[in-house]
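Numbering starts at 1 and runs along the sequence shown.
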Amino acid sequence: MRADLDLCQGHQMCQGEAPDVFGFDEDADLVVVLQEHPEESLRPQVLAAVKYCPAMALGLLDQRKDADD
């Protein structure tokens, strides 16, 4: 998980999509990544948060290995 704090505009969409993974620092008006390596079960929520971020400030560092590896 990565969050580009220079791009974050404080919309809090990520927190709405994946509240266990993303928090919000009200003083800084920026996203806070609560879990850099969330459990696989949270993947759909994290993908939605990345997809719906209006500022495109979120990214997923995918370290999963294919079953063929």
Side-chain angles (χ1 to χ4, degrees):
M1 221 42 285
R2 70 162 181 81
D4 187 332
L5 300 182
D6 291 330
L7 293 177
C8 181
Q9 297 174 355
H11 295 285
Q12 300 183 48
M13 295 294 292
C14 56
Q15 191 176 23
E17 294 292 338
D20 293 331
V21 179
F22 300 101
F24 189 72
D25 181 337
E26 291 187 24
D27 293 333
D29 198 31
L30 295 172
V31 65
V32 175
V33 177
L34 302 175
Q35 294 186 48
E36 288 186 33
H37 304 286
E39 295 179 20
E40 188 64 25
S41 64
L42 295 173
R43 189 172 183 79
Q45 294 91 338
V46 171
L47 290 174
V50 171
K51 179 178 180 179
Y52 295 119
C53 177
M56 298 187 335
L58 303 175
L60 185 62
L61 304 174
D62 199 350
Q63 296 181 359
R64 292 187 313 172
K65 292 190 177 223
D66 294 331
D68 297 335
D69 286 351

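Leu5 and Leu7 fall into different hydrophobic clusters, where Ile, Leu, Val, Met, Phe, Trp and Tyr are joined by side-chain heavy atoms under 4.5 Å apart, directly or via other members. Linking Ile, Leu, Val, Met, Phe, Trp and Tyr residues whenever their side-chain heavy atoms come within less than 4.5 Å leaves Val31 and Met13 in two separate clusters. Linking Ile, Leu, Val, Met, Phe, Trp and Tyr whenever their side-chain heavy atoms come within less than 4.5 Å leaves Leu30 and Met56 in two separate clusters. When the side chains of ILVMFWY residues are joined at heavy-atom separations under 4.5 Å, either directly or via intervening members, Leu60 and Phe22 end up in a single hydrophobic cluster.
Side-chain contact check for Asp20 versus Glu39: every heavy-atom pair is 4.5 Å or farther apart. With a 4.5 Å cut-off on side-chain heavy atoms, Val21 and Met1 count as touching.
Scanning all heavy atoms of the two residues, the minimum distance from Pro19 to Gly16 falls at CD-O, 4.0 Å. Between Gln15 and Gly23 the shortest heavy-atom distance is NE2-CA, 3.9 Å. Nearest heavy atoms, Ala57 versus Arg2: O-NH1, 3.7 Å. Summarising the geometry of Asp27 relative to Asp25, their closest heavy-atom pair is N-OD1, 3.0 Å, with the distance given to 0.1 Å.
Rounding to the nearest 0.5 angstrom, the gap separating the NE2 atom in His37 from the CD atom in Gln35 is 10.5 Å. Rounding to the nearest 0.5 Å places SG of Cys14 at 5.0 Å from CG of Leu58. Atom CD of residue Glu17 and atom CG of residue Leu42 lie 13.0 Å apart, to the nearest 0.5 angstrom.
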